[in-house]
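Read the structure below first, then the notes.
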Amino acid sequence: GAGRMAFEEGTGGVRHGRVPLGLKRKGLRVVVTGGAGFVGSHLVDRLLARGDSVIVVDNFFTGRKENVAHHAGNPNFEMIRHDVVEPILLEVDQIYHLACPASPVHYKFNPVKTIKTNVVGTLNMLGLAKRVGARFLLTSTSEVYGDPLQHPQVETYWGNVNPIGVRSCYDEGKRTAETLTMDYHRGANLEVRIARIFNTYGPRMCIDDGRVVSNFVAQVEGLMKLMEGEHVGPFNLGNPGEFTMLELAKVVQDTIDPNARIEFRANTADDPHKRKPDITKAKELLGWEPKVALRNGLPLMVQDFRTRIFGDQKQQQP
Ligand code: NAD
Ligand code: UDP
């Protein structure tokens, strides 16, 4: 029936990746909302490579068809242009709910739409998960800690968030999305997972993203481990390596052009002063930790940006 896994042999009642020994898994039907975006498109690559069937649901607000274009023609891949603020009917086993602009430049562009995406969009995907009995994973954010008064941040910290600021559409939106997720878990017995992602960078990131880099996109693996594991979360997924913005600017300078000029400008409103994930929980319960150091990861993103801005021929130029 709806929401059950497909197996080579009948396994009545076996669900969600708990595959009995000796049974070959045929692959799950997975929805990735926001799958045309930066993190989502990397996740889609990994799920398809593993043999799952993937449906991407995306309205292309910040996502791009190019991010998943290499899967066109793959019978296990499907792309639906759809806004998660509207209900949708699908038959699936797992839902990775990523749809939401992640960068301040994008989520501040239309704050009311950002809230609707986080609240109504998450409600719709939870409703879908409930109807078909799918497992649901929410990509929440380190922003739920606001401008933290605890350092580093452990998952048990409740945060310090401004409810009426220009970032609130995102921070409070994600906090409500977490609340909804836990209420469906408690009230409808839904299997849920919550990840709190810290700033992530890598190839396919929006060129105008504007956020500071800190954690390489390899953490997609953390999302999959969380989905397949037994723990609800929330789990911090991020890199505990800490550096000042000036230190970061110098690494960027070294990577792109030693003559690039560093400018100092006023900060935006409500920007957290300091943030660093405590990832003890993810290490112990998911066996996950970030593997890519900034100096190794940054050149990969720079190369990707150069290719997209200048085209292949000029790739070699600084
Ligand atoms: P992104 O902007 O690249 O991707 C978001 C995707 O969601 C885009 O493809 C966009 O078109 C789509 N989308 C937005 N609103 C939608 C709507 N109403 N209906 C359907 N699709 C919609 O961002 P990302 O960096 O890939 O982030 C993915 C998720 O991870 C987001 O939920 C974000 O909040 C979370 N997250 C990301 C980071 C990070 O550093 N990248 C940090 C914390 C949390
Ligand atoms: N929903 C959806 N797809 C589904 C099932 C539900 O988009 O397959 C939406 C539904 O339209 C509603 C929301 O999810 O807006 C919450 O659904 P639920 O059944 O939990 O609550 P109710 O419809 O009873 O308010």
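In this text, all values refer to a predicted model and were calculated from it rather than measured experimentally. Remember, it's 1-based here, ligands and their atoms both numbered in the order they're listed. Counting begins at 1 with the first residue of the sequence.
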(request) Could you check which of Leu126, Ile88, Val85 puts a non-hydrogen atom nearest to atom 2 (C) of ligand 2? (result) Ile88
(request) Check the pair Tyr201 / Leu298 against side chain to side chain contact (heavy atoms under 4.5 Å, CB included), numbers first and verdict last. (result) CA-CA 8 Å; Tyr201 70 100; Leu298 207 53; 4.2 Å; yes
(request) Answer with yes or no whether the side chains of Thr122 and His97 bring together a donor and an acceptor at under 3.5 Å. (result) yes
(request) Indicate whether atom 23 (O) of ligand 2 is within a distance of less than 4.0 angstrom of some protein heavy atom. (result) no
(request) Report yes or no: do His71 and Asn76 form a side-chain donor-acceptor pair below 3.5 Å? (result) no
(request) Answer yes if the side chains of Asn162 and Asp270 hold a donor-acceptor pair under 3.5 Å, and no otherwise. (result) yes
(message) Among all the protein's non-hydrogen atoms, which is closest to atom 3 (O) of ligand 1, and how far away is it?
(response) Phe38 N, 2.9 Å
(message) Within the 4.0 Å heavy-atom shell around Leu89, which atoms of ligand 2 are there?
(response) 4 (C), 8 (O)
(message) Donor-acceptor check, side chain of Thr117 to backbone of Ala99, threshold 3.5 angstrom: yes or no?
(response) no
(request) Compute whether any side-chain donor of one residue and acceptor of the other, for Asn236 and Tyr145, lie under 3.5 angstrom apart. (result) yes
(message) Closer than 4.0 Å and a protein heavy atom, does any atom meet both conditions relative to atom 17 (O) of ligand 2?
(response) yes
(message) Checking Glu242 against His151: is there a side-chain donor and acceptor pair closer than 3.5 Å?
(response) yes
(request) Please check if any side-chain donor atom of His106 sits under 3.5 Å from a side-chain acceptor atom of Asp208, or the reverse. (result) yes
(request) Could you tell me the residue and atom name of the protein heavy atom closest to atom 14 (C) of ligand 1, and the distance to it rounded to 0.1 Å? (result) Cys100 N, 3.5 Å
(request) For atom 10 (C) of ligand 1, grab the closest protein heavy atom and report residue, atom and distance to one decimal in Å. (result) Thr62 OG1, 3.2 Å
(request) Please report which non-hydrogen protein atom sits nearest to atom 38 (C) of ligand 1, along with the residue it belongs to and the distance in Å to one decimal place. (result) Arg211 NH1, 3.7 Å
(message) Between Ser41 and Arg204, do the side chains contain a donor N or O and an acceptor N or O under 3.5 Å apart?
(response) yes
(request) Output the list of atoms in ligand 2 that are nearer than 4.0 Å to some heavy atom of Arg131, sorted by atom number. (result) 4 (C), 5 (C), 8 (O)
(request) With atom 4 (C) of ligand 2 as the reference point, say which of Val132, Leu128, Asp183 has the nearest heavy atom. (result) Leu128
(message) Yes or no, since that's all I need: does a protein heavy atom fall within a distance strictly under 4.0 Å of atom 14 (O) of ligand 2?
(response) yes
(request) Identify the protein heavy atom lying closest to atom 44 (C) of ligand 1, giving its residue, its atom name and the separation to 0.1 Å. (result) Ser140 O, 3.3 Å
(message) What protein heavy atom lies closest to atom 36 (N) of ligand 1? Include the residue and the distance to one decimal.
(response) Tyr170 OH, 3.9 Å
(message) Give me the nearest non-hydrogen protein atom to atom 16 (C) of ligand 1 as residue plus atom name, then the distance to 0.1 Å.
(response) Asn59 OD1, 3.3 Å
(request) Please write down residue, atom name and distance for the protein heavy atom closest to atom 27 (O) of ligand 1. (result) Ala102 CB, 3.6 Å
(request) Enumerate the atoms of ligand 2 whose separation from the nearest heavy atom of Tyr184 is less than 4.0 angstrom. (result) 16 (C), 17 (O), 18 (P), 20 (O), 21 (O)
(message) With heavy-atom distances below 4.0 Å as the criterion, list the atoms of ligand 2 near Lys130.
(response) 18 (P), 19 (O), 20 (O)
(message) Could you walk me through whether Lys65 and Asp58 satisfy the salt bridge (Lys or Arg N to Asp or Glu O under 4.0 Å) test, starting with their C-alpha distance in whole Å, then the side-chain angles of each, then the deciding distance to 0.1 Å, before giving a yes or no?
(response) CA-CA 9 Å; Lys65 279 182 197 157; Asp58 202 298; over 6 Å; no
(request) Determine whether the side chains of Gln94 and Glu228 contain a donor N or O and an acceptor N or O closer than 3.5 Å. (result) yes
(message) Yes or no, since that's all I need: does a protein heavy atom fall within a distance strictly under 4.0 Å of atom 11 (O) of ligand 2?
(response) yes
